[in-house]
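The next block holds one structure in the form of structure tokens; read it before the comments.
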Amino acid sequence: MKNNVKIARIQADLTQQQLAEKIGVTRQTISLIEKGKYNPTLKLCLDICYAVNKTLDELFWVERDHHEEN
Amino acid sequence: MKKIEDERLKLQNLQNIRIAYIVQTFGILGILGYDLVTKGLEGMRANPLWIVFIITTVISAYLSMSISVDHESNRNSPKKSLSISFGVNLLISAAVGIFVSMTDGYTMVNGLVIGGILFICFLVPAMYIYYLRAKRQDEELDE
């Protein structure tokens with residue numbers, strides 16, 4: 001699943017490690033989410049949003065056409 | 001050792017445990033099968049691994065009941081299903097009890113005990129299923 005976590009994280013001036021520590025997960029999990037290889041739970045999505053000051057829409061919303069391609 | 005907080009690793013951990021469980025089950029089955037071939041049925045049942053195997057099978061059957069209840073699509077009232085299974089259970093236990101007490105070498109008491117045990121053994125899962133169905137219905141009413 002494509003998402004904007006990486007862009008938001010760089011805008012918030014955080015490394016993967018810093019973001020991971022803020023949320024309480026491992027760096028590898030952040031990396032996999034950014035690559036779209038791990039499907040986080042809604043709870044973790046919200047934690048990421050709070051950490052980078054964005055909404056769920058901004059980070060995870062994808063248009064339907066694009067979603068069905070994946 | 002630190003407690004795992006990462007949800008991805010928790011999930012991974014559960015999947016690893018599942019693989020270990022599968023290997024373990026195959027190991028137990030292999031040992032029991034070996035005992036069955038070399039020592040016969042009685043020899044196999046004398047092995048404590050037999051009890052472990054039966055207990056885990058029963059536990060997994062009870063746990064999967066909550067999944068099959070959620071999977072059901074019919075909307076029968078749980079009370080009705082309970083009374084049907086109660087009736088069938090009573091009928092089967094009574095029939096077995098009567099046949100046992102009529103068999104040569106067995107007394108009326110034997111028949112009563114065997115019928116009673118059978119009745120209780122069927123009653124417990126039926127009550128559990130009833131409890132799960134009633135709970136699920138309550139959850140649906142909350143919507």
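Keep in mind that this is a model prediction, so the values were computed, not measured. Within every chain, numbering begins at 1; the chains are lettered A, B, ... in the order of the sequence lines, protein sequences first and strands thereafter.
B:F119 and B:I114 fall into different hydrophobic clusters, where Ile, Leu, Val, Met, Phe, Trp and Tyr residues are linked whenever their side-chain heavy atoms come under 4.5 Å apart, directly or through other members. Placement of B:V124 and B:Y128 within a single hydrophobic cluster is found when ILVMFWY residues are connected by side-chain heavy-atom separations under 4.5 Å, directly or transitively.
Interface remark: B:I4 contributes no atoms to any contact with chain A (heavy atom separation under 4.5 Å).
Of all non-hydrogen atoms in B:E7 and A:Y38, the two that sit nearest each other are OE2-OH, 2.9 Å.
B:Y131 is linked by a ring-ring contact (aromatic ring centres under 6.0 Å, His included) to nothing, counting only residues two or more places apart in sequence or in another chain. By the side chain to side chain donor-acceptor pair (under 3.5 Å) test, B:Q12 is found to be paired with no residue, residues two or more places apart in sequence or in another chain being considered. In this structure B:Y34 satisfies the ring-ring contact (aromatic ring centres under 6.0 Å, His included) test with no other residue, sequence neighbours excluded.
At a heavy-atom separation below 4.5 angstrom, chain B is approached by A:G24, A:V25, A:T26, A:Q28, A:T29, A:L32 within residues 20-35 of chain A.
Enclosure of atom CG in A:D57 by more than 12 non-hydrogen atoms of other residues, nucleotides or ligands within 6.0 angstrom is indicated. The neighbour count for A:Y50 OH, taken as heavy atoms of other residues, nucleotides or ligands under 6.0 Å away, does not exceed 12.
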